[in-house]
Amino acid sequence: MKIRNRLALYFTLITAVILLIALSTIFFTFDSFVKTDFYSRLMDRAKIAAQLYLEADEISADSLNHVQQRYVKQLTGEVTRFYDDRNAASFIKDRQQYWTSDVINMVRKRKQAEFTEGDRQTVGIYYNDNQGNFVILVSAPDIQGHKRISDLIEIMLVMFISVITGLFFIGRWFAKKALEPIDNVVEQMQLVRASNLHTRIAEGNGKDEISMLAQNFNRLLKHLDNAFEVQQTFVTNASHELKTPVTSIIGGIEVALNKARTNEEYQQILKSVLNDAEGLNETITSLMELAQVDMSYTQAATSPVAIDELIWEIADQWTNKLGKGAFVVSVRHLPDDPEKLLIPANKALLSIALNNIISNGYKFSDNRRVQCDLYADNNRISITITDSGIGIPPDEMEKIFESFYRGTNVKNYHGSGIGLYITSKIISLFNGVISVAPATGGGSAITINFVRQ
């Protein structure tokens, strides 16, 4: 059963129960009122009969005439009886005792009684008169009242069925309108394929459960998209980067086996194979590092990281490795509030990103000094790492953040070309922006900016 039908059914059932309780209350109230009203009419008939038969000698002729006129207007099926102290019928002959002695004695004891006998209602009064003590019993079926009750039941039944049927369709319509955003989300979900995981579901401007569903589904799509990208990137890079050194190694071995050679020639070939093997090992290591960073990229746990403390820790590491003055930190401005230096990030990944930039600075400048400038205010944190190396050709600055890209002027330097690619992915993960520009006096200046939302 669809949710809209289930909601409409639940809504209808709840309403039906409430309506049934309300109608039952009305029915029993009306039924009680009808019975009470008829008992009152029977009591009036009993009192009129008492006046007519027992007090005729005590009232005027006009009053007696009025009483007689009222008594003549009997109820349909009315039965009236007078019983004396011996429980014998008086005034109105009763060939067969209409009421038993038990009933008569019960009325005599209670002085006044109201009870039901089948479809008839009966009232009894104990009347003390100068002619004697009598029990007067009047009984009649409330035909008009029963018809009213029957009509009321029919009206309630028709109204109940009509209202419940109408409420079901109205509830279904409301459920359909309420669930339309979910239908839209489902339609958009059905368009998502492995080939278009970059597609995102419209989240809307609301803060309801449907928007939360769309947001969480988009978050899942983002992780899946990145996982597929990791897999595709790894396969593409592996097939591209491993092919060349493997081909070179195979070629070198085939040359060595082609004919007998001198020891010097074998040594030269083995050195060439060793260089290719070292390059292959470096490529494999780079690919593993890339895969590890990409996996961390999808599930990195973040926590507040004090950027100034991290930079000082990195500075100590490079100073211990290369000596005093090799890495210089310059603080240009800091905010008064230390909380403004915190960014939500993963400290280990952020360290990898900064160390990749610093490592490249030393590599391409033959271990000359690298400088880090830190600027921070209430809205922005900026880190600029400057080296005095060979620099980057202007037409290649947009390409250095691509995987396995190496500049045309770094052929004499070992490397795989993934350091800055990894760095750019890590920085973007933590909502930062990385850029590169030529440094004054030669070299390169790479800047990382974190802007507070």
Side-chain angles (χ1 to χ4, degrees), residues 230-295 314 317-327 351-370 385 387-393 395-397 399-425 442-444 446:
V230 169
Q231 183 184 29
Q232 293 172 357
T233 302
F234 183 83
V235 172
T236 302
N237 291 332
S239 60
H240 178 269
E241 297 299 324
L242 295 179
K243 184 176 181 180
T244 301
V246 169
T247 301
S248 180
I249 291 173
I250 292 174
I253 294 174
E254 287 177 347
V255 170
L257 296 175
N258 188 33
K259 64 178 182 179
R261 300 181 182 276
T262 64
N263 290 337
E264 293 180 356
E265 289 176 332
Y266 280 125
Q267 289 180 0
Q268 185 176 359
I269 292 173
L270 288 175
K271 287 180 181 179
S272 176
V273 171
L274 178 61
N275 288 334
D276 291 335
E278 289 177 347
L280 178 61
N281 181 64
E282 184 177 349
T283 300
I284 292 174
T285 302
S286 298
L287 286 171
M288 293 301 103
E289 183 181 353
L290 175 60
Q292 182 179 2
V293 171
D294 276 338
M295 290 304 297
I314 293 175
Q317 294 172 7
W318 285 101
T319 298
N320 293 333
K321 183 177 180 180
L322 299 178
K324 188 176 181 180
F327 188 79
S351 297
I352 291 174
L354 295 176
N355 278 317
N356 281 343
I357 300 174
I358 297 169
S359 177
N360 280 349
Y362 285 120
K363 179 194 296 185
F364 299 118
S365 67
D366 297 327
N367 288 338
R368 282 181 283 179
R369 190 182 73 169
V370 173
I385 299 174
D387 63 59
S388 53
I390 60 175
I392 303 170
D395 57 338
E396 297 180 11
M397 286 188 177
K399 302 177 182 179
I400 63 170
F401 298 114
E402 298 177 3
S403 60
F404 290 97
Y405 179 81
R406 303 196 73 211
T408 55
N409 60 341
V410 297
K411 302 300 182 182
N412 297 325
Y413 295 88
H414 290 290
S416 59
I418 68 166
L420 290 180
Y421 169 72
I422 292 174
T423 297
S424 66
K425 293 202 71 173
S444 302
I446 295 180

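Computed from a prediction, not measured in an experiment: that's the story for all the values here. Along the sequence shown, residues carry numbers from 1.
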*What is the distance from atom CZ of F327 to atom NZ of K321, rounded to the nearest 0.5 Å?*
12.5 Å

*Compare every heavy atom of M397 with every heavy atom of I392, then report the nearest pair and how far apart it is.*
O-CE, 3.6 Å

*Roughly how far apart are N355 CG and Y362 OH, rounded to 0.5 Å?*
10.0 Å

*Is atom CD of Q268 surrounded by more than 12 heavy atoms (other residues, nucleotides or ligands) closer than 6.0 Å?*
no

*Can you name the nearest heavy-atom pair linking S444 to G391, along with the distance?*
OG-CA, 3.5 Å

*Check whether any side-chain heavy atom of F364 lies under 4.5 Å from a side-chain heavy atom of D387, and answer yes or no.*
no

_Under the side chain to side chain contact (heavy atoms under 4.5 Å, CB included) test, residues paired with I250 that sit two or more places apart_ = V246, E254

*Test side-chain hydrogen bond (donor to acceptor under 3.5 Å, both in side chains) applied to N367 - qualifying residues, sequence neighbours left out*: none

*How close do L420 and F401 get, heavy atom to heavy atom, and via which atoms?*
O-CD2, 3.5 Å

*asked:* Could you check whether any side-chain heavy atom of Q267 comes within less than 4.5 Å of a side-chain heavy atom of L270, counting everything from C-beta outward?
replied: no

*Is T423 reaching over with its side chain to a backbone N or O of A353, donor-acceptor style, under 3.5 angstrom?*
yes

*Looking at G389 and R368, what are the two nearest heavy atoms and their distance?*
CA-NH2, 4.3 Å

